[in-house]
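All of these numbers come straight from a predicted model, not from anything done at the bench. Chain A is the first sequence line, chain B the second, and so forth, proteins listed ahead of strands; every chain is numbered from 1.
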Amino acid sequence: MGLFERDTEIYKNRDALREDYQPAQLVGRDEEIQMYQTALQPVINGEQPNNVFLYGKTGVGKTAATRYLLSHLEEDASQYDDIDLHLTFLNCDGLTSSYQIATRLVNELRDETNQISTTGYPRATVYEMLWEDLDETAGTNLIVLDEVDHVEDDSILYQLPRARANNNLSAAKIGIIGISNDFSFRDDLSPKVKSSLCEQEIHFPAYDAGDLQKILEQRAAVAFHEDVLDDAVIPLCAAYGAKDAGDARQSIDLLMKAGDLAREEEETVTVTETHVEAGRHDLERGRIEEGISGLTQHGHLVLYSLLTLHLQDETPIRSRDVRPRYTSFAQRAGRDPLVPRRMRDHLSELAMLGLVSVTERNEGRRGGTYREYTLDMDLDLILSALDDVLNDVGVHDSLQGHLAAGESTDENASLTEFN
DNA sequence: ATTCCACAGGAATGAACGGAAC
DNA sequence: GTTCCGTTCATTCCTGTGGAAT
């Protein structure tokens, strides 16, 4: 028998569940597509394109609708000789500044042999390159900025739509399509950016459980062989998706994970609710791990402090009371403890990741306002994720000991190898 | 109505670092 | 090498804030 063998297949086409899969029809987005299409019409007419701004929570079809319409647009535009359409697609996830957006855009526009470094240049130089490259195309440029809410300054959003007016461009026409998950992002934009970027706004509402179910059924019909899914599987995935903010991506990922788990099992031919539950657990763990791996050492120390305090039933706990524990851990790890202000930032960051939940308290003149933090995740999940990141046997063993003993944690947990 | 606690969180600033250009 | 430049993580200083106590 070879090292690899074909799995007992439950999938007909697993790719249909992947993020990059383009379904032939988008379910439940008719109105939005219609508006979107109208907004893009000027491109075909050879006019200066509208700037379009899409907003709505993650996984409600914004990106899918964009891909769908733009691929049609590209196809239809090719029938007219006088239209030279260029599409540039950029996901701004992980990019925090206009500068980074600009460098990535330049690289998108250039071929592989001519890429620039994403650091080192003065800002003005990068913009200069961007205008030059755009102008060289001399046609209609549609620039899609997905997840543009990740970028923390407006500069590029101000510059791009005005490039023509400022004589930075002569030949090229550009239209910006901004996609944002964050509702408040639009309101935080400076007025001048808002008026130009948000010429056309399209709101994508969350899917309800019914929509999600239709979407899942559509994908499952392509992805799985018939009668492989238990009847309860799709409704369950849809229900979880609807509960967590109507996110189709998440529901589909869950379905795929459940499918994968079922496939891994020998002689399993159906996907059941059990697989869905297990898949949910796995995905959750993945998210936690990802969040934790992005933290600073001090972030880890703060989390670890909170963890030990939690084991001692000290949570919920205010930042003031976390501090002594954190300080001693930091010293044990050979680091200078951070100043309280900064430590609070780390606590907030943990809260943002959903690892920790916060309740605001106010005892008025007696106690003032403060926040109380408590672990919001399954302890074992955090522990195993932390373990992967820390790669520190000492920490792990001592904690496991406490878990087993179920009694209070001493502060002498080994942290000597913390790095 | 006013006072006031104890923290939240914004803003300014700086050190360290990686990369480009000279 | 040195000089710029942008980014990240941190410190320092500061103003804002909600509600119990007066």
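Here A:Gln100 lies in heavy-atom contact (under 4.0 Å) with sugar-phosphate atoms only. Note on A:Arg344: a base of the nucleic acid sits closer than 4.0 angstrom, heavy atoms only. Within the 4.0 angstrom heavy-atom criterion, only backbone atoms of the sugar-phosphate kind lie near A:Arg366; the bases stay farther away. Among the protein residues, A:Thr118 comes within range of no part of the nucleic acid, since none of its heavy atoms lies under 4.0 Å from any strand. At the heavy-atom level, A:Thr369 lies under 4.0 Å from base atoms of the strands shown. Here A:Arg318 lies in heavy-atom contact (under 4.0 Å) with sugar-phosphate atoms only. Within the 4.0 angstrom heavy-atom criterion, only backbone atoms of the sugar-phosphate kind lie near A:Ser97; the bases stay farther away.
For the pair A:Asp247 and A:Lys57, the salt-bridge criterion is not met [side-chain N within less than 4.0 Å of a carboxylate O]. With respect to A:Asp149 and A:Arg186, no salt bridge is recorded, no charged nitrogen being found less than 4.0 Å from a carboxylate O. Under a 4.0 Å N-O distance rule, the pair A:Asp282/A:Arg285 does not qualify as a salt bridge. Between A:Arg287 and A:Glu290, none of the side-chain N atoms (NZ, or NE/NH1/NH2) sits under 4.0 Å from a carboxylate O, so this pair counts as no salt bridge.
Not one side-chain nitrogen or oxygen of A:Tyr121 sits closer than 4.0 Å to the OP1 or OP2 atom of B:dC22. Dashed line: the shortest gap from a side-chain N or O of A:Thr96 to OP1 or OP2 of C:dT8 is under 4.0 Å. Dashed line: the shortest gap from a side-chain N or O of A:His346 to OP1 or OP2 of C:dA10 is under 4.0 Å. For B:dG9, one of the phosphate oxygens OP1 or OP2 lies less than 4.0 angstrom from a side-chain nitrogen or oxygen of A:Arg371.
With B:dA20, C:dG18, C:dA10 as the candidates, the nucleotide lying closest to the side chain of A:Asn362 is C:dG18. Distances from the side chain of A:Arg123 to the nucleotides C:dG6, B:dC7, C:dT11 place C:dG6 closest. With distances taken from any side-chain atom of A:His298 to the nucleotides C:dA10, B:dA6, C:dT8, the minimum falls on C:dA10. Checking C:dA21, C:dA10, B:dG19 against every side-chain atom of A:Arg365, the shortest atom distance belongs to C:dA21. In this structure, of C:dT11, B:dG9, B:dA8, it is B:dA8 that holds the atom nearest to the side chain of A:Tyr373. Listed nucleotides: C:dA10, C:dC5, B:dG9. Nearest to the side chain of A:Ser348: B:dG9.
When the P atom of C:dA20 is taken as reference, atom OH of A:Tyr370 falls 12 Å away, rounded to whole Å. Rounded to an integer number of Å, the gap from A:Glu360 CD to B:dA6 C1' is 12 Å. Spacing between atom CD of A:Glu363 and atom C1' of C:dT17 amounts to 16 Å, rounded to whole angstrom units. One atom, CD of A:Glu372, and another, C1' of B:dA6, lie 13 Å apart when rounded to the nearest Å. Atom P of nucleotide C:dC9 and atom NE2 of A:His300 are separated by 12 Å, given to the nearest angstrom. Here C:dG6 presents its P atom at 10 Å from OH of A:Tyr127, a figure rounded to the nearest Å. Separating the CZ atom of A:Arg341 from the P atom of B:dA12 is a distance of 14 Å, rounded to the nearest angstrom. Separating the CG atom of A:Asp336 from the P atom of C:dT11 is a distance of 9 Å, rounded to the nearest angstrom.
The distance from the OG1 atom of A:Thr359 to the CZ atom of A:Arg318 is 11.5 Å, given to the nearest 0.5 Å.
Judged by closest nucleotide on DNA chain B, A:Ser319 is the one of A:Ser319 and A:Gly120 placed further toward the 5' end.
Side-chain N or O atoms of A:Arg219 include one that pairs as donor or acceptor with a backbone N or O of A:Ala16 at under 3.5 Å.
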